[in-house]
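Below is one structure; the comments refer to it alone.
Reminder, nothing fancy here: chain letters follow the sequence lines and each chain counts from 1.
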Protein chains: 2
Amino acid sequence: MSPLTNKRVTRQRQLVYDCVIDRKDHPSANEVFVDLQSSGIGLATVYRQLSAMVDEGILKSFEHSGQIRYDRLVTPHAHFVCSVCDEIWDVDLPKNIFSMAPVESNADIEELDLTWKGICKACK
Amino acid sequence: MSPLTNKRVTRQRQLVYDCVIDRKDHPSANEVFVDLQSSGIGLATVYRQLSAMVDEGILKSFEHSGQIRYDRLVTPHAHFVCSVCDEIWDVDLPKNIFSMAPVESNADIEELDLTWKGICKACK
DNA sequence: AACATAATGATTATCATTATCATTAAGAAA
DNA sequence: TTTCTTAATGATAATGATAATCATTATGTT
Ligand SMILES: [Mn+2]
Ligand SMILES: [Mn+2]
Ligand SMILES: [Zn+2]
Ligand SMILES: [Zn+2]
């Protein structure tokens, strides 16, 4: 498991973390659960560990098609979503995007969520 | 109701549309339903009309905190969300944002979803 | 080895949304 | 206007994702 946490390192925690890291996509809790079926892990544990890791900053999450997707990439980046196959790719943020924060709100920006939508190469 | 649709104009359709237009925020289906309680409209009808209007392009929608929010503004714009009070504001998109589309995907971009997050003036 | 208690897993509960279907009422036709 | 066709409605059940409950298990410490 990645650099530390003050939590107990259970077998299940390892399994969940390794699964998200090994997959290079943005799995839902259920997709992680399915991957780990053979280990006998409980669905509730998968949900608990994933959201715990988000709280700890080890993972990030976002909403997509009515469910929460988990992201091993915690550094700022954008996503591209294909409107046909619904797949998600990591893409770079535009240069200097943070300097383009809206002034209307005159609030300080902590983070942003940018998703491009279109038809991917394969579907086109 | 706004310029055209090839659908029957029911009393309920009018009520739902007027509600979203009159509110200047981004209501959920249930919030629209609560507003229209006294009219006797059914919850299923509110859900149906809202998603129908999105299909027709009269409204837009996005996911927020585990539910679908509806937006009267169908022109491209971004959102600012306060991480404390969870309110949502409309803000302008950065100038020329569409020219900053990622090349990695080499796909044509149809639309984008940009949400800034921070603490609003009131909460600060 | 014994202990304290955080984590687990089976299950139930909750919440948002969709599906079903008998009834109602737009809008066209007579 | 009355009749007619059928899309829309509303009550309710079903679904799907996630959270809560709680007895049991097992990690990390003493
Ligand atoms: Mn990502
Ligand atoms: Mn908006
Ligand atoms: Zn695709
Ligand atoms: Zn606020």
Would you work out how much the helix from C:dA1-D:dT30 to C:dA30-D:dT1 bends between its ends, with each end axis defined by five base pairs, to 10 degrees?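 End-to-end axis angle for the helix from C:dA1-D:dT30 to C:dA30-D:dT1: 30°, rounded to 10°.
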
Looking at CG of B:Leu93 and CE of B:Met100, how far apart are the two atoms once the value is rounded to the nearest 0.5 Å?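 CE of B:Met100 is found 10.5 Å from CG of B:Leu93.
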
Using atom names, set out every protein N or O paired with an N or O of nucleotides 27-30 of chain D below 3.5 Å, distance rounded to 0.1 Å.
residue	atom	partner	partner atom	Å
D:dT27	O2	A:Arg8	NH1	2.9
D:dT27	O2	A:Arg8	NH2	3.3
D:dG28	OP1	A:Val9	N	2.9

To the nearest Å, give me how far apart [atom1] ([X]) and [atom2] ([N]) are.
{"X": "B:Leu15", "N": "C:dA26", "atom1": "CG", "atom2": "C1'", "value": "15 Å"}
{"X": "B:Gln49", "N": "D:dA7", "atom1": "CD", "atom2": "C1'", "value": "11 Å"}
{"X": "B:Asp55", "N": "D:dA8", "atom1": "CG", "atom2": "P", "value": "12 Å"}
{"X": "A:Glu31", "N": "D:dA17", "atom1": "CD", "atom2": "P", "value": "10 Å"}
{"X": "A:Arg13", "N": "D:dA26", "atom1": "CZ", "atom2": "P", "value": "18 Å"}
{"X": "B:Phe33", "N": "D:dG10", "atom1": "CZ", "atom2": "C1'", "value": "10 Å"}
{"X": "B:Tyr17", "N": "D:dA8", "atom1": "OH", "atom2": "P", "value": "18 Å"}

Is the shortest side-chain heavy-atom distance between [X] and [Y] below 4.5 Å?
{"X": "B:Asp108", "Y": "A:Lys124", "result": "yes"}
{"X": "B:Arg13", "Y": "B:Met53", "result": "yes"}
{"X": "B:Ile119", "Y": "B:Ser83", "result": "yes"}
{"X": "A:Val16", "Y": "A:Cys19", "result": "no"}
{"X": "A:Tyr47", "Y": "A:Ile68", "result": "no"}
{"X": "A:Pro94", "Y": "A:Leu114", "result": "yes"}
{"X": "A:Asp113", "Y": "A:Thr115", "result": "yes"}
{"X": "A:Val9", "Y": "A:Gln14", "result": "yes"}

Does B:Phe33 have any side chain to side chain contact (heavy atoms under 4.5 Å, CB included) partners at least two apart in sequence or in another chain, and if so, which?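 Side chain to side chain contact (heavy atoms under 4.5 Å, CB included) check on B:Phe33 returns B:Asn30, B:Gln37, B:Ile41, B:Leu43, B:Val46.
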
For B:Arg69, all residues meeting side chain to side chain contact (heavy atoms under 4.5 Å, CB included), sequence neighbours excluded: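 B:Arg69 satisfies side chain to side chain contact (heavy atoms under 4.5 Å, CB included) with B:His26, B:Ser28, B:Glu31, B:Phe62, B:His64, B:Gln67, B:Ile88 only.
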
Say whether, by atom type as modelled, one donor and one acceptor occur between the side chain of B:Arg72 and the main chain of B:Lys24 under 3.5 angstrom.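 Side chain of B:Arg72 to backbone of B:Lys24: a pair is present.
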
Classify the angle between the aromatic ring planes of B:Trp89 and B:Phe80 as parallel (below 30°), tilted (30 to 60°) or perpendicular (above 60°).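 Tilted.
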
Counting heavy atoms from C-beta on, name the nucleotide in C:dT8, D:dA17, D:dT9 closest to the side chain of A:Tyr47.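 Nucleotide nearest to A:Tyr47's side chain: D:dA17.
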
Close approaches to DNA chain D from residues 35-46 of chain B, in residue order (heavy atom, under 4.0 Å):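 Close to the strand are B:Gly40, B:Ile41, B:Gly42, B:Ala44, B:Thr45.
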
Do B:Ser61 and B:Asp71 have side-chain atoms, one donor and one acceptor, less than 3.5 Å apart?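 There is no such pair between these side chains.
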
Near-strand residues of residues 59-70 of chain B, defined as heavy-atom separation under 4.0 angstrom from DNA chain C: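 Nucleic-acid contacts, sorted: B:Gly66, B:Gln67, B:Ile68.
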
B:Gln12 side chain N/O closer than 4.0 Å to the phosphate oxygens (OP1, OP2) of D:dA8?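 Answer no for this pair, as no side-chain N or O of B:Gln12 is under 4.0 Å from OP1 or OP2.
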
5' priority, DNA chain D, between A:Ser28 and B:Arg48 [closest heavy atom]: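 With B:Arg48 and A:Ser28 compared, the 5'-side residue is B:Arg48.
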
